[in-house]
Amino acid sequence: MPRPVNSSAKVEPRRSDHDVDLVVIGGGVNGTGVARDASMRGLRVALIERNDLAFGASGNNSGLIHGGPRYMLNDPNVTATSCRDSGYIQRIAPHMLHRVPFLMPVENKGRARIMFALIDAFFEAYDRYQPLKRGKKHALLTAEEMQQLEPGLRGNIVGGISFDEWGIDGARLCAANAVDAGERGARILVGCTVERIERREDTGEVVAVHYRDRRKGGTGKLRTGTVINATGAWAPITASLGRIAPTRARVRPGKGIHIVYDRRLLNYAVAAQTIDDRQIFVAPWQNMTIVGTTDDDFYGDLDEVRATSEEVRYLVQGVARVFPQIHTARAIGTYAGVRPTLYAYGPHEDRLSREHQIIDHAAHDAPGVYSMIGGKLASYRIFAEEMTDVLAARFDIGARCATHERPLPGGDKPVDAIELAARMEIDPVAARRLVFRHGSRSLHIAERVQERPREAATVCACEPVTEAEVRHVVRTEWARSVSDVARRTRLGMGACGGMRCAARCGQIVAQELDLPPREGLQQAARFLARQAQTRAVALGPEQAQQEALAIAAVRAELGVDVRDIDEGEAA
């Protein structure tokens, strides 16, 4: 990773004329990662997020902490860094990760036997990185062995390769980093938009960050001398708020979409190819199956990134060549995010570097402002470490990074899900999901249930999610709406799409935040409308008719017409 040049001059930490030592803008995995690391090293931190934690790419990705074997040819450092950080993330958040074994079929066409041997040699090179992420070495499989492992595989194949990666919930990872930072004194301001980064006219140094609360309408100012722009694809826009040319923090946004199916359709993730020879996959992920992903230049509204029916057909066509059952499966939704890929003019989108870079805007007459550009979920921790190392030098503090050693909240000790289920008097599946999301912090939720037994009631049966968990994330993880609760718990993300649980969740959120009951119903209606929009592009004619009837029934039940409500998250 290239180090920043023309580094900003050293400054004193904990200045009395500053409210905080630094302001981090962006609540994705990079921003929350820096907030945690900087807080651990003794700096006073504030994090400002315009929408919600993990609103962007961090909460809308493939959910893989993977080395990325395809990066080995052009970006071997990305593969090495990702594998190394995967091992660290497993150490600090063991409850969040699950192994995802992959099968890669090799079609029996052209020089298939030669290609098979070349792929085998390629994965022998990838095996060198496996110890870093506690992975298993690849295996060479015959066509018969491939179909024994995954009976749904079809097509004329000469054989295949097995290798493994790790899955994670990106939104939970962001929440855990933010919680840890908050417990170490960081101010976490969610739902607040930065309106201006104030700088001195003579020296260009940062003076303060001005923000507005999008829900309550109030404004605020944080006096500081250091700002970290960790807003991903929004980085050029954020830079311009500090009178820095957007081209100084330029990225090449790449849109990736995924299709979600209502259950686990297969035992292994299966790699496939699209009609234009791009690599995609179908994978079991938590309680469902996902198909992904596209990689297309994006020029639209970053707050309204959605899949299109054309993108869905593109992915399904590619997967169906090796897994035709996908045509008979029930799609329950789509999601989309935009990668903040390093800018380059010319290369195809899927050949862009996944490397990351720190830009010190002292080189642009804005000392104290830094932008974090590029990167990927699997290497977020080391990116945050590198950024905080720059801050440590700026503030002249000797504290070293310990984010690879100290567990994230919930990762300090294992919890037996069966014992937890008995203690809370809930279904073992519900307890297992609770442990997966919260680790040892699930015991805090159990304490709520012991004091208030009624909170053991299931709000969302698909995931499942209890009332106690909903109240927990509102009180401790900055959830302010039904959509926010869904990001943290997956409430409403299952087969029912929220139709059975959004209204009750809205009631709970309104109670916890002391909002009028009608606001809770409006939140539920907005959530259901957005869920319906993500499903619509993946539905066939018959399912679309059933969808329309179901939505009409829910509208009547809620007594709220979503057409009369602003679809934005701000009330």
| Taking 4.0 angstrom as the limit, do Glu477 and Arg172 come out as a salt bridge? | yes

| message | Using side-chain heavy atoms (C-beta onward) and a distance below 4.5 Å, is Val312 in contact with Ile257? | response | yes

| query | Can any side-chain N or O of Ser58 pair as donor or acceptor with the backbone N or O of Val29 at less than 3.5 Å? | reply | yes

| Aromatic Phe436 / basic Arg433 pairing, under 6.0 angstrom, 45° off normal | yes

| For atom CZ of Arg351, is the number of surrounding heavy atoms from other residues, nucleotides or ligands below 6.0 Å larger than 12? | no

| query | Would you find a donor on one side and an acceptor on the other, under 3.5 Å apart, between the side chain of Gln523 and the backbone of Arg480? | reply | yes

| field | Arg91 atom CZ, neighbour heavy-atom count above 12 within 6.0 Å | value | yes

| task | For His66, enumerate each residue passing the ring pair (Phe, Tyr, Trp, His ring centres under 6.0 Å) test, keeping only those at least two apart in sequence or located in another chain. | result | none

| Are His438 and His472 an aromatic pair by the rule of ring centers under 6.0 Å? | yes

| Sub-4.5 Å side-chain heavy-atom contact between Thr341 and Val251 | no

| request: Determine, for Lys133 against Asp85, whether the closest basic-nitrogen to carboxylate-oxygen distance falls under 4.0 angstrom. | output: no

| said: Looking at Arg423, I want to see if its CZ is surrounded by more than 12 non-hydrogen atoms of other residues, nucleotides or ligands under 6.0 Å. | reply: yes

| Trp166 and Arg99, any side-chain heavy atoms less than 4.5 Å apart | yes

| request: Could you pull out the closest heavy-atom pair between Val106 and Ala112, with the gap in Å? | output: CG1-O, 4.3 Å

| query | More than 12 heavy atoms of other residues, nucleotides or ligands under 6.0 Å from CD of Glu310: is that the case? | reply | yes

| said: The test is salt bridge (Lys or Arg N to Asp or Glu O under 4.0 Å); show your working for Lys376 and Glu355 and say whether it passes. | reply: CA-CA 8 Å; Lys376 56 201 290 282; Glu355 187 58 273; over 6 Å; no

| query | Is any side-chain N of the basic residue among Arg252 and Asp297 closer than 4.0 Å to the acidic one's carboxylate O? | reply | yes

| task | Start with the C-alpha gap between Val482 and Arg526, add the side-chain angles, then the distance that decides, and say whether side-chain contact (heavy atoms from CB on, under 4.5 Å) holds. | result | CA-CA 9 Å; Val482 174; Arg526 283 194 290 270; over 6 Å; no

| task | Flag the pair Phe102 / Tyr268 as yes when their ring centroid distance falls below 6.0 Å, and as no otherwise. | result | no

| query | Less than 4.5 Å apart, any side-chain heavy atom of Glu463 and any of Arg437? | reply | yes

| query | Angle class for the Tyr129/Tyr126 ring planes (parallel below 30°, perpendicular above 60°, tilted otherwise)? | reply | tilted

| remark: Sorted by chain and residue number, the salt bridge (Lys or Arg N to Asp or Glu O under 4.0 Å) partners of Asp169 (sequence neighbours excluded) come out as none

| task | Looking only at non-hydrogen atoms, find the nearest pair between Cys462 and Cys496 and report the distance. | result | SG-N, 3.6 Å

| task | Could you check if a side-chain atom of Ile382 sits within less than 4.5 angstrom of a side-chain atom of His356, using non-hydrogen atoms only? | result | yes

| said: Is it the case that atom CZ in Arg263 sees more than 12 heavy atoms from other parts of the structure closer than 6.0 Å? | reply: no

| request: Could you tell me whether the side chain of Lys255 reaches within less than 4.5 Å of the side chain of Val305, counting heavy atoms only? | output: yes

| Would you call the rings of Phe55 and Trp234 parallel, tilted or perpendicular, where under 30° means parallel and over 60° means perpendicular? | tilted

| field | Test item: Glu455 and Arg471 side chains (from C-beta on) under 4.5 Å apart, heavy atoms | value | yes

| said: side chain to side chain donor-acceptor pair (under 3.5 Å) for Thr294 and Tyr314? Distances and angles first, verdict last. | reply: CA-CA 9 Å; Thr294 58; Tyr314 171 79; over 6 Å; no

| query | With a 4.5 Å limit on heavy-atom distance, are the side chains of Leu315 and Ile259 in contact? | reply | yes

| remark: Here the pair of heavy atoms bringing Ala176 nearest to Met96 is CB-CE, 3.5 Å

